[in-house]
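Source: prediction; values computed, not measured. Throughout, protein chains are lettered first and strands after them, A, B, ... in sequence-line order, and every chain is numbered starting at 1.
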Amino acid sequence: MHHTLHAGRWAAMLIALFTSLSFAQGSAPAESAKPIAMTFTERVQICASCHGADGNSQTNNIPSIAGQPRIFIENVLVLIREGLRSNEVMQAVTKGMSDQDIVALAKHFSALPMQSTPGEPDTALQQRGRLLASKLRCASCHEANFKGRAQMPRLAAQREEVLLTKLIAFRDKPKPGTDTIMNATLHGVKDDELKALAHFLAHVR
Amino acid sequence: MKIQHAALLIASAFAVASTALAQPAAAPPAWQQGMGDKFKDSKLAPNAGRNTETPASDIPLDKLKVPAGFKLELWATGMPGARAMVRGDKGKIYIGTRGIGRVYELTDDGAKRTSRVVVDKLVQPSGVAIQGSTLYVMAIDKMLRFDDIESNPSVAAVDMTDKFSIPPEQHHNWKYLAFGPDKKLYVPFGAPCNICEPPEQYAQIRRYNPDGSGMEVIARGVRNTQGFDWHPKTGELWFTDHGRDWMGDDGPQDELNRMPKSGLNFGYPYCHAEGIVDPDVKKADACKDVTKPVALMGPHAAVMGIKFYTGDMYPAEYKNSMFIARKGSWNRTKRFGYDVVNVRASADGKNVKVTPFLTGFLDTKDNAFSGRPTYILQMPDGALLISDEQLGAIYRVSYVGPAKKK
């Protein structure tokens, strides 16, 4: 573990984060969560505390961000900061981030290497997912190796449960602020097919 | 240890938040229709916008070109996604966006420009129109009015949404808005797909009284118009329209249309451009009674803002000619557009001549682009402002004198 932050300051930032969270979940106005000034290193540490020190998440429902396209990371952070995406934790984290902070964080995490998902895939499930990915033409935007490009995220080796949650959300809940292509692509795809797709993509190396 | 604990807390909060948001599925899409098997390995995809501020020093002004005698300057920066611009009676400029959900207000003190966000968290609020000092903002799912906003910067919005019968589909339903010479508000409702039989409320242009009453559908068969203006002499509506995708690099081309009367059909989805019959959505006599465009504006060019020039600053030959921004292609292997053109035509739409006016955003050698000119606003002195959606910037083009002889 490499704790470069002063322990007191670190605690203050986490408290600020969770204080703002409890307000965000209640009815108090959002302004009660005052952003505190942070250095770039401190911001990276905040990200790493959930998404993994090297940007490869070890935690359920927390996406890996290492090796994601720079523009994709920028867009997600801006959309959450602007309140266009519902994610209370990330809204608290992005509060007070300047555009320059976002550009720097995106550059940092996009440059980190992604790690393969540990363990062996279920080959039957993987094959079903592979066929579906081909049928849905996922690779035409996300690239043949599913590493993503520009505004289109890396799917390869993303956490399986994260992929499944996102796929279901795209199918069921059109997201404001983005193109509608993912909603259209996944329209009518059944849950067990999405499970196979998530399994396949999580195990792309 | 603390850190791990925090991560778990956050993870569980996120899981709860995501489940709570599940909603019923959307209507069936037409996305795959029109993307035939020969494109299954195509890597063409919409260009990524930029949602963060581009510093002035990163804007490649030295590469941009205007005709001799004209001067281009960087007039305002720092407004990610800046699209259509309108100017109030008191000189403030309001600017719509799409993905970033904001409307900006720009104030010019003569020496420098400063901007603020008037309203945010909207779903693609690209439609802005102004009457006097009353600003109208239209997002995909919302219509807002800000009374006398130039004098009352913190005025609360009046929500007019219920008055405008806005249909639910998002695709191609980000707006361009404008008041016509008849003081009515003109609003397009694009086809909610690349190519499909559009449901009744789509692929049309409507006009309303400013309060939302008196709605009329004035044109049909319009796929996705993102710009219109009225001829200074005839008062007729002219509008740009985007051609469909996934029919190859060469077309069908984008259109410049003229609407001499209401009730015309402009062809979509059966008949495109100069009379190209759609290969996917078919009917007999596909082009019968279709009003053809006055000009073809290039394949996948993404024709955006159109402005008839009525100022006195530019040389006389520009009077009543059009300036049209072409934001540039995505569904084409060799990029096309990324410029502003000057279009001259007779009032009946004949004798069209298209000439480059602002160029240099497109690098044909690397098939790359630096900026995307999107809309045009004529200032009281006759200079043109041109917005760049990609770089969140506004350029000013003035005429400074006769071209120097070499």
Side-chain angles (χ1 to χ4, degrees), chain A residues 1 10-11 14 17-18 21 25 45 48-51 57-62 69 71-72 74-75 77-79 82-84 86-90 93 98-100 102-103 106 134 137 139-141 143 149-152 165 168-169 171-174 176-181 183-185 187-188, chain B residues 1-4 6-32 35 39-55 78 80 98-102 120-124 139-141 169-172 192-193:
Chain A
M1 300 269 280
W10 176 246
L14 276 183
L17 187 57
F18 284 101
L21 254 187
Q25 285 165 345
Q45 292 261 3
S49 68
C50 291
H51 293 279
S57 164
Q58 307 299 317
T59 311
N60 268 341
N61 294 312
I62 301 283
I71 296 172
F72 169 74
E74 286 182 10
N75 284 351
L77 291 175
V78 169
L79 290 176
E82 299 289 313
L84 289 162
S86 312
N87 183 325
E88 286 154 356
V89 175
M90 283 300 294
V93 172
S98 67
D99 282 9
Q100 288 78 4
I102 286 174
V103 168
S134 168
R137 298 177 181 172
S140 73
C141 289
E143 299 280 357
R149 65 178 153 123
Q151 76 274 39
M152 298 163 286
T165 303
I168 290 172
R171 184 193 61 187
D172 295 344
K173 185 182 79 72
T178 59
D179 205 342
T180 48
I181 200 157
N183 312 123
T185 304
H187 177 80
Chain B
M1 204 177 65
K2 273 219 164 81
I3 293 174
Q4 185 63 18
L8 288 173
L9 265 178
I10 292 176
S12 53
F14 178 60
V16 170
S18 340
T19 343
L21 289 165
Q23 273 173 18
W31 169 73
Q32 282 172 321
M35 187 182 172
F39 294 105
K40 73 178 161 52
D41 297 321
S42 170
K43 292 175 57 156
L44 296 173
N47 299 315
R50 178 166 175 170
N51 283 318
T52 54
E53 286 183 27
T54 304
R98 280 186 53 197
I100 201 165
R102 299 172 175 169
D120 60 4
K121 298 182 176 55
L122 296 176
V123 182
Q124 306 198 29
I140 287 180
D141 58 351
E169 292 291 336
Q170 293 206 24
H171 196 72
H172 287 158
C193 56

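- Take B:Arg50 and apply the salt bridge (charged side-chain N to carboxylate O under 4.0 Å, His left out) test, not counting sequence neighbours, and it matches no residue.
- Annotation for A:Asp99 and B:Asn51: closest pair OD2-O, 4.3 Å, computed over non-hydrogen atoms.
- With sequence neighbours excluded, the residues that form a side-chain hydrogen bond (donor to acceptor under 3.5 Å, both in side chains) with B:Lys43 are A:Glu143.
- Highest contact tally toward chain B, considering only A:Ile168, A:Ile71, A:Val103, A:Val78, is held by A:Val78 [criterion: heavy-atom pairs under 4.5 Å].
- For B:Asp141, no part lies under 4.5 angstrom from a heavy atom of chain A.
- The two residues A:Ser140 and B:Ser42 make their nearest non-hydrogen contact at CB-O, 3.0 Å.
- Contact annotation for B:Pro80: only side-chain heavy atoms (C-beta onward) come within less than 4.5 Å of a heavy atom of chain A.
- Across A:Glu74, A:Glu82, A:Met152, the residue that shares the most heavy-atom pairs under 4.5 angstrom with chain B is A:Glu82.
- Note: B:Asn47 CG to A:Gln151 CD = 7.5 Å, rounded to the nearest 0.5 Å.
- Between B:Gly99 and A:Leu84, the closest heavy-atom pair is O-CD1, 3.4 Å.
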